[in-house]
2 protein chains.
Amino acid sequence: MTTAERPSLLLVEDDAALGPLISELLEPDFSVRLAVNGRDGLHLGLTQSWDAMVIDRGLPVMDGLALIKALRSKGIATPILILTALGATDEKVRGLDAGANDYMSKPFDAMELAARLRALTRTYAPPPATLGIGDWELDAGARSMRSVYGSVVTLTAKEAGLLETLASEPERVFTREDLINALFHPTDQPGVIDTYVHHLRRKISKTVIRTVHGLGYQIGNPHD
Amino acid sequence: MTTAERPSLLLVEDDAALGPLISELLEPDFSVRLAVNGRDGLHLGLTQSWDAMVIDRGLPVMDGLALIKALRSKGIATPILILTALGATDEKVRGLDAGANDYMSKPFDAMELAARLRALTRTYAPPPATLGIGDWELDAGARSMRSVYGSVVTLTAKEAGLLETLASEPERVFTREDLINALFHPTDQPGVIDTYVHHLRRKISKTVIRTVHGLGYQIGNPHD
DNA sequence: CGAGGCATTTAAGAAGCTCTTAAGAACTCC
DNA sequence: GGAGTTCTTAAGAGCTTCTTAAATGCCTCG
């Protein structure tokens, strides 16, 4: 949820009547995109960034549970709500343990669905949305960095996004592929990342982003 | 959830029978602390760090909804599940919009409650799997070694692969042939291994890898 | 509506790091 | 002491990353 707009929602539902209906019910609160099978859902889930997903349990081509596991295994942490006709407790347990964040069984109440999605997409700690990186602090909202000594550098959207992604998981090594999937079109060539890393190093400091040769880039505590 | 222990759970429930019962049901999966009214719940919620909270809707001294709002207003972002006798949709909506992350109405199923709490406390960026080797720890993902005293050494792909293979089966003696088949082209000459063993010994310590004369190399507890 | 400026993307040579080979020195075991 | 094994060092080939520059696209302001 990077802007003040409605949160984006990916709805994966094969029922030709129910899909558009749910979509319409949620449109006041969410910007809904409908996928009618698991394969399309997986593609959209992997290639675009969503604030939440609603996934039907029983889907053609690729089952809802398999879809969730596939998304989670690719590192997609987006909140997911499963919607299903199966209301038995062990079905709920299976769904939640597969990686879903919430579970509702049909027939469901539209108001409750919307409230649960609001809860899933809600973000806490709005005021201090800054990320500390070494001697610097990233203000993602204002797309700027402030050093502890007061100087301020403004970043472009891509620069800020790249830095924010890297800083979101310190110590983790992101491959160029990871970063392209998170920030660019998957068709872009990996070299784009190198260029932006270079821009950031020039703007901020040579040492904010560490290169891990053959793997990718990383932010973390300076060592050795 | 900072450790590998059970997640910590704050349960705020005034019912003298239900509180201990829920507590007992969840103990296998969570480390549960019980508070019997809203005031105690607020104090514990503010002064300690919890992986999740389960809060009863109707509480003496301080209502459950008021408690949640108070916690949220103080910047506490811990996942909260409301447990209540009120199952009407607008009650659920009120609870969720007050800042709760999930809502279950009594009578509830213990298995489902546990599954929902697992979903709430699940983290998607688990700390990287590390392998202990003597005083060192190998982070294969980042291809680096960190000593117990904090220093960090980065390894190349071959170095990390060799070390990981050796460490995967402590005490086992790997022949050069074993290692070449696992890490290099089978046509490579066995001397490659010697070179990398040397690199690792220089980077980390002379004693991480033990030579077994005439056989190969080994990692294991230092004996004699 | 067009010009200018800024952000983004592509491309290509330069620089740097890793891998691999090789050869002599040092060591081990008999 | 000698044969075989292991250690150490060095250097070139090959690959990855850095850096620069220019092309493209987008938005704004005149």
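Atom set for the values below is all heavy atoms of this structure, side chains included, hydrogens, waters and symmetry mates excluded. Chain naming here is simple, since letters A, B, ... match the order of the sequence lines and numbering starts at 1 in each. These figures come from a predicted structure and were not determined experimentally.
- Distances shown here put a side-chain N or O of Lys158(B) below 4.0 Å from the OP1 or OP2 atom of dT20(C).
- Separation of atoms NZ (Lys158(A)) and CZ (Arg143(A)) is listed at 11.0 Å; rounding is to 0.5 Å.
- To the nearest angstrom, P of dT9(C) lies 12 Å from CG of Leu162(A).
- Rounded to the nearest 0.5 Å, atoms CG (Leu166(B)) and CD1 (Ile219(B)) are 5.0 Å apart.
- One interatomic measurement links the two molecules: NE2 of His198(B) to C1' of dT20(C), which rounds to 16 Å at whole-angstrom precision.
- The shortest distance between the side-chain N/O atoms of Thr211(A) and the OP1/OP2 oxygens of dT16(D) is not below 4.0 Å.
- Pairs passing the salt bridge (Lys or Arg N to Asp or Glu O under 4.0 Å) check and including a residue from residues 10-28 of chain A, sequence neighbours excluded, read Arg6(A)-Glu27(A), Glu13(A)-Lys106(A).
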Polar atom pairs (N or O), protein with nucleotides 21-26 of chain C, under 3.5 Å:
none

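- Rounded to a whole Å, the NE2 atom of His199(A) is 10 Å from the C1' atom of dA21(D).
- Asp135(B) is linked by a side-chain contact (heavy atoms from CB on, under 4.5 Å) to Val148(B), counting only residues two or more places apart in sequence or in another chain.
- The side-chain hydrogen bond (donor to acceptor under 3.5 Å, both in side chains) check on Ser31(B) picks up nothing, with sequence neighbours excluded.
- Note on residues 28-40 of chain A: pairs passing salt bridge (Lys or Arg N to Asp or Glu O under 4.0 Å), not counting sequence neighbours, are Asp29(A)-Arg118(A).
- With sequence neighbours left out, Pro190(A) forms a side-chain contact (heavy atoms from CB on, under 4.5 Å) with Arg176(A), Ile180(A).
- The nearest whole Å value for the distance from the CG atom in Leu183(B) to the P atom in dT20(C) is 10 Å.
- Shown here are the side-chain hydrogen bond (donor to acceptor under 3.5 Å, both in side chains) partners of Thr207(A), two or more places apart in sequence or in another chain: Ser205(A).
- In this structure, the CD atom of Glu159(B) is 11 Å from the C1' atom of dC17(C), given to the nearest Å.
- We find that Arg172(B) and Asp178(B) are joined by a salt bridge, their nearest charged nitrogen and carboxylate oxygen being less than 4.0 Å apart.
- Residues from residues 200-209 of chain B that place a heavy atom under 4.0 Å from any atom of DNA chain D, listed by number: Arg201(B), Lys206(B).
- For the helix from dC1(C)-dG30(D) to dC30(C)-dG1(D), the axis fitted to the five pairs at one end and the axis fitted to the five pairs at the other end meet at an angle of 30° (nearest 10 degrees).
- In this structure, Gln189(A) has no side-chain hydrogen bond (donor to acceptor under 3.5 Å, both in side chains) partners at least two apart in sequence or on a different chain.
- In this entry the distance linking CD1 of Ile193(A) with P of dT9(C) reads 9 Å, nearest Å.
- One atom, CG of Asp194(A), and another, P of dC18(D), lie 6 Å apart when rounded to the nearest Å.
- Proximity of Tyr217(A) to the phosphate of dT16(D): no side-chain N or O atom is located under 4.0 Å from OP1 or OP2.
- For the pair His213(A) NE2 and dG14(D) P, the interatomic distance rounds to 15 Å; values are reported in whole Å.
- For Arg201(A), the side-chain hydrogen bond (donor to acceptor under 3.5 Å, both in side chains) partners at least two apart in sequence or on another chain are Thr211(A).
- Contacts of Arg176(B) with the nucleic acid, taken as non-hydrogen atoms under 4.0 Å apart, involve only primed sugar atoms and P, OP1 or OP2.
- Looking at residues two or more places apart in sequence or on another chain, you find a ring pair (Phe, Tyr, Trp, His ring centres under 6.0 Å) between Tyr196(A) and Phe184(A), His199(A).
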